[in-house]
Amino acid sequence: MFQIHVPSLRPLTTAHLAQTMTLLCLPVGELRQQIEAELASNPALELVEERRCPSCHRLLPDQGHCPICSAPATDLMDEPIIYLSPRDEFYDGPRSSGGEGDLPEDNFSATWEELPTYVLRQIAPDLEGDERKVAAYLLTNLDEDGLLAIPLVEVVRYLHVPLSMVEKVQRLIQHADPVGVGSGSPREALLVQMDVLEEVGSTIPRLARPIVIEGMDLLSRRLYGDLARKFHAPLSQVHKAVQFISDNLYPFPARSHWGDVRQPSGAQLNVYHHPDILIGYYNEDPEKPLVVEIITPIAGTLRVNPMFRKAVQSADEEMKESWREDIEKASLFVKCLQQRNYTIQRLIQKVVMFQRGYILQGEKYLRPLTRAQLSRELGVHESTISRAVANKTVQLPNRRIVPLSAFFDRSMNVRSVLKEMIADEARPLSDAELADMLADRGFQVARRTVAKYRAMEGILPAHLRMGVMAKSL
DNA sequence: CTATGGCACGGATT
DNA sequence: AATCCGTGCCATAG
C-alpha cells in the first residue's frame with residue numbers, strides 16, 4: 001500500500017488534545033473555514049504549494065510517483081489505495097442516479113452550471129422583455145436542491161420590477177422540467193407537482209393536498225394516526241395519500257427521489273452536499289483496486305513560516321513576545337491537523353477493508369461493526385473514533401453519498417434482506433411471517449422490530465400493500 | 001381475532 | 001452521561 005508520510009505525532013499538551021478533538025469532528029467544509037480564518041489571522045502560518053501529478057493533477061507524496069498513475073501492484077487488491085485530494089478537485093457528479101453501471105461524465109462542473117440553463121432553455125420562448133432578466137436572476141439563485149434561495153421580494157427590490165411579474169416568471173419556471181423547480185419551499189414544490197399531475201389527468205387522493213399544506217410535519221414524522229385524526233378521515237385514506245405522495249412527488253426538485261428519508265422519528269431529510277471521502281475504482285475500472293480519496297480542505301500544506309521564525313529573532317523585545325505566541329499557535333494548529341489526517345486515514349483504511357463487500361456489492365453485505373471494535377483495533381480511545389466518524393460523508397463507487405456512520409449501521413443488512421423479501425413477495429406478508437423468514441435466513445429479529453425496519457424503509461404494512469399487488473395482477 | 005403502531009424499558013453504544 | 005436500538009406490552013383498526 002502507498003504509505004502516507006506522517007511526521008512524528010503524539011499529543012503533547014492538553015491544549016493540543018482539546019483542539020485535535022474539535023478538529024476531528026469537523027467535516028471538510030467547516031474545517032476549511034477554520035483554516036482560512038487561522039491563515040488570515042496568524043502571520044506565522046504559511047501555505048506551501050504541493051507537487052501535483054502532471055497527468056492526473058492529483059496530489060503527490062513528498063517523494064515518489066503519483067499513487068494513481070503509477071500502476072499499483074496487482075497482488076494488493078484487498079488493500080485500498082489511500083491518498084489525499086485537495087478540495088478544489090471536488091467531484092460533484094450526477095446525483096444519486098442509483099444505477100450501477102452508468103459511467104461518470106468527465107465534465108466535473110457540469111451539473112450545477114447546467115440546471116439553470118436547462119430550465120431557461122425550456123421557458124425562453126414564453127418570456128418577453130424584462131421577464132428574461134427576472135428569469136435569469138431567479139435561476140441563478142437556486143440552491144442545490146432546486147429551490148429558490150431568496151425571497152421574491154428581494155428580487156423585486158433588486159430588479160425594480162412588479163411582484164406580479166416575478167410571480168408569473170416563477171410560475172413558468174416551476175412548471176418546467178424538474179417540476180417544482182424554483183419553488184420557495186418543499187411544500188410549494190409538492191403543490192405545483194400536484195397541479196401539473198392533475199392537468200395531465202391524474203387523480204389526486206382527496207387528502208394529499210391538505211396533508212401537504214397543513215400536515216407536513218406529521219407526514220415527515222410518519223405519524224399517520226395523527227394525520228387521520230387531524231383531518232377526520234379513516235387511516236386507509238391517509239395511507240393512500242401518503243403512498244401517492246411518496247410515489248409521485250419530490251420535495252427537492254433537483255434531486256431524483258426522496259426515498260432516502262430514513263429514521264422515522266423526525267430526523268430531518270438528509271442533505272449531503274460534498275463528501276469528505278470518495279471511494280472509487282482505480283481508473284474507474286471495477287476490476288482494479290479501490291481508491292480512497294480523502295478530501296483535504298485546502299490545496300497545499302500548512303507549516304510555520306520559516307522566514308517568520310527567523311524574523312522573530314531579530315525583532316525587538318516587545319514584538320518578540322506576541323510573535324512567539326503566534327508561532328506556538330501555528331505549530332499547534334499544524335500538529336492538530338496532521339493528527340486529524342492521520343486518524344482519518346487509519347480509520348478509513350480499516351473500514352474500507354472491513355466493509356469491502358458493502359462498498360462493492362451493496363447494503364446486503366454490510367457487516368455489523370461498532371466504533372468500539374474499531375477503536376480496539378486501532379489502539380485509540382472510543383471517543384476518537386466517534387469524533388472521526390461524526391459529521392462526515394462518503395461517496396461510494398456507485399456515486400451514492402452516505403454518512404460515514406452508515407458503515408457502522410447495525411441493521412442495514414437485515415433491512416436490506418427484508419426489503420428484498422418484500423419486493424418479490426407473492427402476496428403481502430405480515431410482519432410475523434417476515435420475522436420467521438428472516439429467522440430462517442439467520443437473522444433473529446422480533447416481529448416488532450420487523451415493523452420498525454419496514455417503517456425505516458418507508459414500506460407500508462401488509463394490508464396496504466395489497467392494493468399495489470391487485471393492480472399489477 | 002390478527003396485524004400493526006405507540007410507548008416505554010433496559011442494555012448496548014457512543 | 002447521553003443516546004440509540006431492539007423488544008415487550010397494550011390499545012386500536014379492520
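Chain identifiers are assigned alphabetically (A, B, ...) following the order of the sequence lines, protein sequences preceding nucleic acid strands; residue numbering begins at 1 within each chain.
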Item to check | Leu434(A) CG to dG6(C) C1', straight-line distance once rounded to whole Å | outcome: 17 Å
Checklist entry - For Tyr281(A) and Leu290(A), what are the C-alpha separation, side-chain angles and deciding distance, and is it a side chain to side chain contact (heavy atoms under 4.5 Å, CB included)? => result CA-CA 5 Å; Tyr281(A) 299 106; Leu290(A) 284 173; 3.8 Å; yes
Item to check | Results of side-chain contact (heavy atoms from CB on, under 4.5 Å) for His232(A) - residues two or more places apart only | outcome: none
Item to check | Side-chain N,O (Ser411(A)) to OP1/OP2 (dG6(C)) below 4.0 Å | outcome: yes
Checklist outcome for this item: Sequence neighbours excluded, the answer for ring-ring contact (aromatic ring centres under 6.0 Å, His included) partners of Tyr358(A) is Phe407(A)
Checklist entry - Hey, which of Gln19(A), Arg340(A), Lys392(A) is the one that makes side-chain contact (heavy atoms from CB on, under 4.5 Å) with Leu24(A)? => result Arg340(A)
Item to check | Shortest non-hydrogen separation from Asn42(A) to Lys329(A) and the atoms involved | outcome: ND2-CB, 3.8 Å
Next on the checklist: At 4.0 Å (heavy atoms only), tell me whether Gln444(A) reaches a base, stays on the sugar-phosphate, or touches nothing.
Outcome noted: sugar-phosphate
Item to check | the helix from dC1(B)-dG14(C) to dT14(B)-dA1(C): angle between end helix axes, five pairs per end, rounded to 10 degrees | outcome: 10°
Next on the checklist: Is the phosphate of dC5(C) approached by Tyr453(A) (side-chain N or O, under 4.0 Å from OP1 or OP2)?
Outcome noted: no
Next on the checklist: How would you summarise protein contacts on nucleotides 9-14 of chain B per nucleotide, using B for base, S for sugar-phosphate only and - for none, with heavy-atom distances below 4.0 Å?
Outcome noted: ----SB
Checklist entry - Counting distance only, does the side-chain N/O of Asn391(A) pair as donor-acceptor with the main-chain N or O of Pro27(A) below 3.5 Å? => result no
Item to check | Greater than 12 external heavy atoms within 6.0 Å of Glu328(A)'s CD | outcome: no
Checklist entry - NA contact type, Val389(A), heavy-atom cut-off 4.0 Å: base, sugar-phosphate, or nothing? => result nothing
Next on the checklist: Rounded to whole Å, how long is the line connecting atom CD1 of Ile459(A) with atom P of dA3(B)?
Outcome noted: 18 Å
Checklist entry - Partners of Asn305(A) by side-chain contact (heavy atoms from CB on, under 4.5 Å), sequence neighbours excluded? => result Glu46(A), Met307(A), Phe308(A)
Each nucleotide N or O in nucleotides 8-14 of chain C that has a protein N or O under 3.5 Å away: list the pair and distance.
from   : atom 1 : to        : atom 2 : distance (Å)
dG8(C) : O6     : Arg448(A) : NE     : 3.4

